[in-house]
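Chain letters run A, B, ... following the sequence lines, proteins first, then strands; residues in each count from 1.
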Amino acid sequence: MTLPSITPLRPAVASARKPQIAFDRVSLDLGGKTILDTVNLDVAPGEFLCIIGASGCGKTTALRLAAGLYQPTSGRVTFDGVAMTAPRRDIAIVFQDYGKALLPWRTAIGNVSLALETAGVPKPQRADRIEELLVKVGLPFHGDKYPAEMSGGMQQRLQIARCLAQEPKVLLMDEPFGALDAMTRQSLQDEVLELVRASGVTVIFVTHDLEEAIYLGDRVIGLLPHPGRVGIQCAIDLARPRDQLTTREQPQFLALRRQLFDFIKASEA
Amino acid sequence: MTLPSITPLRPAVASARKPQIAFDRVSLDLGGKTILDTVNLDVAPGEFLCIIGASGCGKTTALRLAAGLYQPTSGRVTFDGVAMTAPRRDIAIVFQDYGKALLPWRTAIGNVSLALETAGVPKPQRADRIEELLVKVGLPFHGDKYPAEMSGGMQQRLQIARCLAQEPKVLLMDEPFGALDAMTRQSLQDEVLELVRASGVTVIFVTHDLEEAIYLGDRVIGLLPHPGRVGIQCAIDLARPRDQLTTREQPQFLALRRQLFDFIKASEA
Amino acid sequence: AGAQNKIQVGCTATSDCASAMIAVDEGLFKKQGLAVEMVLIGINSNIPAAILSGSVQIGGPTSTVFLQAADGGLDLVAVAGASVMGPTSNGNIAAFVRNGITIKEPKDFIGKKVGAPGLGAFLHVLFVKWLVEKGVDPKKVNFIEVTFPTQMDIIKSGGVDAVLTAEPFVTRMTNAGTGTVGARYGAELNRSEPIIFYAASRDWAEKNPETLRKFRAAIAEGATIVNETPEKAWAAIAKFTKTPIDLVRAAPPNRSDPTLKPEQLAWWIDIMASQKMLQGKLDLTKLILN
Amino acid sequence: MRRPDILWRLGSFAVAAALVGLWQLTADLKLVSPVFLPGPDKAWTALIRGFSSGDLMAKLLGTLAHMLYGWLCASFVGIALGAAIGASKTMRDYVAPSLEWLRPLPVSAIIPIAIALFGLTQGMALFVIAFGAMWPMLLATIHGFAVVEPRLYEVARTLHMSRLAVIVKIALPSASPDILAGMRLSLTVALILSVVCEILAGLDGLGHWVLLSARAFRSADLFAGVILLGIVGYVTATAMAFAERRLLRWRGVGH
Amino acid sequence: MPHWLKPLVLPVALIVLFEAWARATDLQSDSLAPPSAIGRALIEALGSGELWIATRDTLASTLAGLLIGSAIGLMLGIALGLSSGFNRLMDVTIEAIRPIPSIALLPIALIAFGFGYRMEIVIVAFACIWPMLILSRAAIGGIEPRLLEVARLLRLTSADRVRKIVIPAALPRIFVAFRLAAGIALIVAVTCEIAINPIGLGASIMAAQQALRADLMLAYLIWIGAIGFALNAGLLLAQNSLFGRAALAEIAR
Ligand SMILES: Nc1ncnc2c1ncn2[C@@H]1O[C@H](COP(=O)(O)OP(=O)(O)OP(=O)(O)O)[C@@H](O)[C@H]1O
Ligand SMILES: Nc1ncnc2c1ncn2[C@@H]1O[C@H](COP(=O)(O)OP(=O)(O)OP(=O)(O)O)[C@@H](O)[C@H]1O
Ligand SMILES: [Mg+2]
Ligand SMILES: [Mg+2]
């Protein structure tokens with residue numbers, strides 16, 4: 001897997017530009033309880049935003065709002081200034097419960113193919129594209145397996161491959177590396193960074209791994225639970241391209257990590 | 001949540017004692033492919049064994065063998081010297097795909113209750129016991145929720161509560177903290193350590209987080225993929241009780257981490 | 001020209017249409033230049049609908065079915081006679097009672113559970129008429145439906161106290177020792193009105209007078225054979241209904257009579273009206289096309 | 001019921017009313033012979049007449065009794081038998097094939113046999129209705145047992161749940177959506193079979209009413225009976241759907 | 001005991017018992033007959049051509065009605081399962097039409113279509129619509145919601161959503177519905193023949209009954225059972241080969 005070697009094109013914090021996705025005083029009630037309360041959030045085009053927070057604080061819910069899968073109870077979510085009333089094909093989402101989001105009756109190839117079929121990619125071109133994507137997520141020889149025949153991490157990566165096949169403008173990822181070992185995880189992190197660099201895609205990335213959030217993001221926000229609201233915002237000014245060894249050793253990295261750790265700790269107290 | 005304050009009762013490596021669970025030249029074929037190949041493994045009573053390895057290398061499969069859910073193609077798995085031909089009630093398993101292992105038609109309380117009902121705990125005693133367990137895993141006010149109303153991490157913790165309700169002799173955990181944020185994760189790690197200390201339960205713990213493996217385990221083994229076999233064994237001699245801050249800073253901890261990281265890296269190459 | 005030479009005739013599995021069955025067997029229709037196909041219809045009350053849908057051109061409904069259909073607004077006409085009540089057919093009819101029940105006089109039926117093969121059908125209407133003639137209020141008798149083939153089993157199990165039935169069932173049930181004849185009400189009524197006659201839709205009948213003429217001629221000839229040589233009739237019936245010949249032989253065929261007179265229908269209209277089976281007023285002159 | 005629910009229900013009645021209007025139009029224009037298709041107005045008059053002269057009420061109650069007892073019987077037998085077959089290989093080997101042979105037997109054809117065995121009794125009707133109406137539950141239960149999330153069976157195995165407990169606590173609840181759908185289906189089947197029984201065996205009920213009306217070519221009366229059957233079907237199905245929603249509350253929650 | 005023998009144990013035991021009972025009580029009935037007599041009648045019927053013609057007639061109308069009815073039912077079921085608004089609007093209409101016994105429609109169908117295949121096919125189709133509609137609607141309601149979300153996110157066209165997600169996900173259950181409908185189709189076809197239509201096995205049963213041949217009647221009944229059994233076995237076979245490895249992979253875990 002390749003590491004990016006060019007200087008980053010994107011500003012570290014992109015607040016100056018017009019937002020691509022914006023939460024405007026968004027609240028959401030589910031099952032009679034307020035899950036998210038007056039959340040304001042702007043995500044610039046090409047920005048890499050990471051969301052952290054305690055378990056059950058509303059990260060998944062926020063992501064589902066951004067995807068257009070939920071409609072806010074009050075306030076609104078906009079994409080390029082237009083209110084989101086339904087999901088869009090140029091927004092892809094990687095679900096946390098990977099086991100449920102794959103079609104059990106299709107093989108790995110078939111699952112990726114689904115996105116291509118929908119986008120109208122002609123049949124002869126699909127095979128190569130699918131192969132390429134499976135290699136990218138590290139599943140080159142597993143194309144003929146059904147999801148039930150794959151390990152948890154493999155299913156998770158397969159889901160990522162399907163989302164990439166969509167060639168989205170915005171990629172929403174909900175703990176996408178939760179089921180992966182350290183190495184696979186690191187290489188996929190770099191793969192995602194490379195992808196973002198090359199395509200300029202906007203990413204909202206939910207994770208519970210603070211180091212991962214800092215390593216990947218242009219900005220990290222932390223949610224407070226009961227009800228979910230934004231509790232902390234950190235711009236990450238670490239230079240790009242980032243490196244698994246050197247970046248993680250920078251004092252700034254460690255300081256940010258400490259800061260976020262304290263935030264989570266306080267939020268759970 | 002309490003941290004243990006007494007000196008550990010258990011030897012760091014328990015190879016001297018008669019093993020509780022033993023893999024004796026175990027191989028397993030699934031779907032025409034060899035998934036595990038001649039694995040030998042002894043787990044002493046009260047031992048905390050961690051298993052790491054690349055995604056898809058066979059960790060889950062090994063755990064399912066230990067649970068008696070798979071029967072080996074050759075070799076045998078024994079419990080207290082007797083061949084395992086079926087699952088046992090004193091072996092509890094926390095599944096990786098938590099979403100599937102909970103009864104969707106029962107609330108959190110009902111799911112924990114299932115284990116108590118089966119063990120024949122009389123009805124009046126159940127409520128208190130369930131409450132206690134839900135508090136232990138940090139879900140005190142969520143007893144009336146259905147799994148579909150809970151976040152990923154909450155479902156995972158609910159599954160752990162049910163396994164604890166079984167009061168098992170052996171606890172098999174498959175990436176049980178995969179869906180949790182750093183803080184919840186750390187407190188549950190300590191909770192598991194405390195539980196092990198107090199009850200003397202044997203644990204086999206699959207994780208992809210190397211630090212977690214070292215922090216928790218008496219011993220860490222690493223599996224090599226294609227086919228799965230034991231590639232590395234490290235005894236962890238870190239003093240107990242362990243501490244989230246000090247233990248992780250010990251040079252020995254860092255050295256072990258390096259060693260395992262290199263192993264994983266090599267195994268994926 | 002315009003006359004239809006190929007027709008279907010729908011009948012139930014009884015001896016009443018024997019004149020048509022014989023006419024097929026003996027080639028009487030063919031002699032008239034008619035190609036006739038006999039269609040076996042399970043339940044008599046379906047015959048009017050079958051005629052109206054054009055599945056058969058001529059059918060053999062019982063008088064009660066025909067009159068109720070006409071009363072319900074179906075535009076049917078009677079075109080020829082098939083069978084009439086007579087000493088033999090009347091003797092075939094009986095109210096058969098199970099063991100343990102004795103019927104000495106008609107009013108002994110009061111309070112009893114009586115199974116009729118069809119409520120509002122031929123045997124039932126006649127029985128009610130008989131009760132009325134004997135001064136018994138039919139409302140005090142409890143009627144339910146019991147089809148012929150199940151009668152023996154139900155009588156045996158005591159599910160009903162009596163059934164209204166006819167040969168060959170009377171003999172079969174007697175021989176099986178399930179009970180005795182309680183009343184020969186057919187013989188006691190001793191009527192000679194039609195049981196079944198041939199009917200068609202008015203529309204078709206008016207368009208095909210020539211076909212009808214040929215049909216009547218063949219039927220008349222057939223009726224004579226039926227009445228004079230029962231042996232031939234039995235063979236034809238057994239063949240058409242696929243019934244074992246022994247079973248058919250157990251009872252002589254009902255008398256065939258190809259003619260049809262308005263006053264015969266008038267008698268039926270009277271008793272059906274008195275039993276509240278008809279809602280409107282039927283115009284006798286329009287019901288028969290001769 | 002919440003407000004939007006009521007609005008939907010009203011809309012649903014409006015659609016039904018529109019269809020009745022269409023029927024009236026068909027009848028008025030005499031597109032179909034009025035002898036066989038009377039307008040809803042005529043059918044309604046016949047319905048009122050049937051009730052006021054008293055007979056129809058008794059027939060209605062008769063059908064309701066046949067239907068409900070038969071259905072309960074069918075549910076019990078169907079679910080019990082389905083659970084036994086779903087849970088036991090022995091049953092699957094020895095009993096299931098015979099059932100597959102019985103299933104396609106037309107109820108109309110077994111009525112004579114049932115009469116021979118039971119006589120012309122309510123027991124006979126119960127047997128016939130239960131025989132015909134149990135199949136949806138039976139199949140649904142067997143299927144529901146077969147598709148239980150395998151992980152849940154593994155949970156049961158590790159907990160060493162007794163076979164009965166697995167059936168009661170895992171398989172039946174997991175199959176409950178299928179079973180309840182089957183029960184809803186067979187409620188209708190039970191109604192239909194009650195009518196068939198009444199028609200073919202002459203038992204007292206709406207079927208008999210329909211039969212006599214058809215036989216006497218009183219189509220308005222026939223349609224009155226059919227309308228009543230529709231109402232009975234709608235009311236019972238609605239009650240069942242309500243119960244189903246209550247029982248399957250866990251399916252409605254969550255994303 | 002060999003595998004193929006097991007299914008036979010129960011029926012053989014019942015037959016022996018019944019035969020013994022019939023002989024002990026010297027059975028005299030117009031609706032029951034001892035198994036030995038039924039067996040003889042069945043062999044006799046199999047030898048005559050009529051049984052085969054009747055079988056052909058019944059099967060032809062059963063299959064035609066089944067295909068038409070379940071296609072309509074499936075399409076309606078999918079539409080109703082996918083659009084909750086449509087579902088709610090049609091609720092009253094469907095629930096009120098559904099319980100109308102097709103046997104009550106027979107007189108009308110007879111007028112409209114006359115004797116023969118057409119009437120029977122219409123009646124069978126009417127009866128098949130409902131189980132198919134109800135069960136396929138339920139099957140669609142039971143689809144993993146996450147999969148429907150995937151469809152929404154990919155903005156699949158309605159046709160693709162049905163073709164690629166809805167039908168495959170619901171197919172196992174839809175197939176169960178189809179098997180159920182197949183059973184119902186056969187029953188309704190025979191009932192229709194018993195009540196009105198003078199073709200097929202039902203008419204043969206009626207004829208045997210009216211000829212007081214209880215043995216022949218029961219032989220026909222057993223023959224119908226055999227046909228239904230074969231129909232179902234064929235569908236099961238199709239089901240297994242249809243869902244092949246994807247279904248097996250589910251079981252492996
Ligand atoms: N459909 C629902 N009905 C009711 N409550 C819900 C529903 N979905 C989620 N919740 C509640 O909303 C809260 C936030 O859930 P969410 O899934 O967004 O958490 P999360 O931050 O993603 O947690 P995790 O890291 O554990 O996945 C939780 O308390 C959960 O119980
Ligand atoms: N039922 C099955 N049929 C065929 N192959 C299977 C089956 N189950 C698992 N495998 C294969 O076995 C290998 C090991 O799977 P396993 O689930 O044990 O991996 P794992 O180590 O738990 O991975 P992860 O960390 O991603 O969960 C994988 O290559 C997988 O494709
Ligand atoms: Mg989440
Ligand atoms: Mg795994």
Is it the case that Arg185(A) places NZ or CZ above or below the six-membered ring of Phe177(A), under 6.0 angstrom from the centre and within 45 degrees of the axis? no
Using non-hydrogen atoms only, which part of Gln186(A) is less than 4.5 Å away from chain B: side chain, backbone, both, or neither? side chain
Go through the atoms of Ser55(B) and report whether side chain, backbone, both or neither lie under 4.5 Å from a heavy atom of chain A. both
May I ask you to check whether over 12 heavy atoms, not counting those of Arg229(A), lie within 6.0 Å of atom CZ? yes
For Gln244(B), all residues meeting side chain to side chain donor-acceptor pair (under 3.5 Å), sequence neighbours excluded: Gln189(B), Asp190(B), Arg248(B)
Mind checking ring-ring contact (aromatic ring centres under 6.0 Å, His included) for Phe95(B) and listing every partner two or more places apart, or none if nothing turns up? none
Under a 4.5 Å cutoff for heavy-atom pairs, which residue among Met154(B), Gln156(B), Arg157(B), Gln155(B) has the most contacts with chain A? Arg157(B)
Please classify the contact between Lys145(B) and chain A as side chain, backbone, both or neither, with a heavy-atom cut-off of under 4.5 Å. side chain
